[in-house]
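Everything numeric in this text was worked out from a predicted model, so none of it was measured.
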Amino acid sequence: MEMTQDLQGQLQQLDDKFKAINQSTATHLEGLLWSKPITYWDYIQTDALLNLQIQRTTLPDEMVFIMYHQVNELIFKMILWEIDQLCHTEKPSTPYFTEKLGRISRYFDMLTTSFNIMTDGMEVDQYLKFRNTLTPASGFQSAQYRLIEFASTDLINLIDNRFRATIDRNTPYEHAFEHLYWQAAGKDHKTGEKSYLIQAFEKKYKATFLTFMEEYNTINLWRKFKEIPEVDQKNPELVAAMRHLDYTINITWVMGHFNTAKKYIESTPGNHEATGGSDWKKYMLPKYQKRIFFPELWTKEEIENWGEGL
């Protein structure tokens, strides 16, 4: 076989690559002689992925519930993958910011249009039986979703609406954490007592959350938006894209989740609690907490009416 100029160039690049890390090019080339060709199932790890769905009951529709939530977690990971790249780019260009924002939005659009899989994809009678085996676990305990929130906006916008006036950027992260909006789902603010739902969640993830909160305090999506040229911050199409993401995450996604939960939970005779025992209506409904990632992009009237009439 004749050594082409392209092949010679590629071998030189390989040699440079391995020399840079004090490795022998010849050793790595010989290793290629014995390596197996890659297959789709090995690359995607199909067998491992398809063996992660473990039912706790014999009810078939529990598998729908498990797989749907696993798909959500995979999409959350994709969102965090894009956010990480954008937020750790110093002074991103407007095209780069716009591209990443578009990817994040498409992932959330996909999530918000998928709720009919849950809403219409399980028999109510089956759900009412297998839900009791899930207690006290709850979708509330999705750590990746919390990370998305921390990475999207200034922390003050995630504080329970009742306590925002008492918290600012100088507030210790530990104190702010105790007043995040989702604490209302399982914490009695009169007594300070936390439900097992939150206790277990915090035992597993609190240290991670506090570190993440501090890391993204100055590099979240909103802060990155403010780094692009001021003229671009006023671009109608880009502003509309920011508003779309905000509305999709904090209204459309939440209401899709709420309506699905409502259908099944309120079908339970005499028990309208979520599996984790949370006050799910006050936790989920946008009008109570007014979760808004980019409040400067909304009018005063829009903020006042946030989540009303849904």
Side-chain angles (χ1 to χ4, degrees), residues 48-80 107-108 110-149 180-188 193-209 249 252-286 288-289 291:
L49 185 64
L50 299 183
N51 277 286
L52 295 175
Q53 294 75 46
I54 310 300
Q55 288 188 248
R56 294 174 63 87
T57 73
T58 58
L59 299 160
D61 282 353
E62 185 195 359
M63 187 62 81
V64 177
F65 190 85
I66 293 170
M67 287 192 286
Y68 179 74
H69 284 82
Q70 289 184 343
V71 168
N72 280 354
E73 291 295 336
L74 287 173
I75 300 299
F76 289 161
K77 185 171 182 176
M78 294 172 76
I79 291 168
L80 285 167
Y107 294 144
F108 255 106
M110 177 180 175
L111 287 170
T112 58
T113 58
S114 69
F115 269 112
N116 59 350
I117 293 172
M118 281 274 285
T119 307
D120 302 319
M122 300 185 299
E123 291 182 9
V124 173
D125 287 346
Q126 287 193 43
Y127 174 79
L128 295 182
K129 292 174 182 175
F130 75 69
R131 76 185 296 266
N132 290 325
T133 70
L134 309 181
T135 303
S138 168
F140 167 97
Q141 296 170 315
S142 170
Q144 288 197 113
Y145 187 74
R146 302 302 165 206
L147 297 181
I148 290 171
E149 292 182 318
L180 291 167
Y181 80 89
W182 42 265
Q183 293 279 356
K187 181 178 180 180
D188 187 328
E193 185 178 351
K194 296 182 180 183
S195 67
Y196 178 79
L197 171 79
I198 289 186
Q199 290 180 37
F201 191 42
E202 291 183 1
K203 182 177 180 180
K204 174 71 173 175
Y205 294 113
K206 183 175 179 179
T208 298
F209 288 162
I249 296 176
T252 314
W253 157 262
V254 173
M255 289 308 300
H257 197 172
F258 174 82
N259 289 328
T260 300
K262 186 173 185 289
K263 172 183 175 178
Y264 291 104
I265 292 175
E266 293 194 349
S267 296
T268 308
N271 178 13
H272 293 169
E273 285 190 351
T275 51
S278 63
D279 189 346
W280 58 283
K281 290 186 179 180
K282 287 190 176 180
Y283 155 60
M284 294 180 70
L285 282 174
Y288 288 119
Q289 292 293 345
R291 294 187 298 280

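Applying the salt bridge (charged side-chain N to carboxylate O under 4.0 Å, His left out) criterion to E62, with sequence neighbours excluded, gives no partner residue. Scored by the salt bridge (charged side-chain N to carboxylate O under 4.0 Å, His left out) test, D125 finds no partners at all (sequence neighbours excluded). Shown here are the side chain to side chain donor-acceptor pair (under 3.5 Å) partners of T113, two or more places apart in sequence or in another chain: there are none. Remark: K206 pairs with E174, E178 by the salt bridge (charged side-chain N to carboxylate O under 4.0 Å, His left out) rule, at least two apart or across chains. For Y68, the side chain to side chain donor-acceptor pair (under 3.5 Å) partners are S114, not counting sequence neighbours. For Q141, the side chain to side chain donor-acceptor pair (under 3.5 Å) criterion is met by no residue, not counting sequence neighbours. Residues satisfying the side chain to side chain donor-acceptor pair (under 3.5 Å) test with T112, not counting sequence neighbours, are none. Applying the side-chain contact (heavy atoms from CB on, under 4.5 Å) criterion to Y205, with sequence neighbours excluded, gives A143, F201, F209.
Of all heavy-atom pairs between E123 and D61, the closest is N-OD2, 2.7 Å. Here the closest non-hydrogen pair linking Y264 and M118 is OH-O, 2.7 Å. When all heavy atoms of V254 and I249 are compared, the pair lying nearest together is CG2-O, 3.4 Å.
The OG1 atom of T133 sits 12.5 Å away from atom NZ of K129, with the distance rounded to the nearest 0.5 Å. Taken from CD1 in I117 to CE in M67, the straight-line distance is 10.0 Å, to the nearest 0.5 Å. Here the straight-line distance linking atom CD1 of I79 with atom OH of Y107 works out to 8.5 Å at 0.5 Å rounding. To the nearest 0.5 Å, the span separating CG on L111 from CE on M78 amounts to 10.0 Å. In this structure, CD in Q126 is found 15.0 Å from CZ in R131, a value given to the nearest 0.5 Å. Atoms CD1 and CD, on I198 and E193 in that order, are 11.0 Å from each other to the nearest 0.5 Å.
Few gaps surround NZ on K194; more than 12 heavy atoms of other groups in view lie less than 6.0 Å from it.
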In a table with atom names and distances, give each donor-acceptor pair under 3.5 Å that connects a side chain of residues 69-76 to protein atoms at least two apart or in another chain.
unit_1	atom_1	unit_2	atom_2	d
H69	ND1	F65	O	2.8
Q70	OE1	Q53	NE2	2.5
Q70	NE2	L52	O	2.9
E73	OE1	Q144	NE2	2.8
E73	OE2	S142	OG	2.8

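Here the options are T119, D120, N116, the test is side-chain hydrogen bond (donor to acceptor under 3.5 Å, both in side chains), and the partner is T260; only T119 passes.
Classified by interplanar angle (parallel below 30°, tilted 30° to 60°, perpendicular above 60°), the ring pair F108/W253 is perpendicular.
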Requested in this report: Go through the steps for K263 and F258 under the test side-chain contact (heavy atoms from CB on, under 4.5 Å), then give the verdict.
Outcome: CA-CA 9 Å; K263 172 183 175 178; F258 174 82; over 6 Å; no
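Side-chain contact check for F115 versus N259: every heavy-atom pair is 4.5 Å or farther apart. Residues L197 and S138 are in side-chain contact: their nearest non-hydrogen atoms beyond the backbone lie under 4.5 Å apart.
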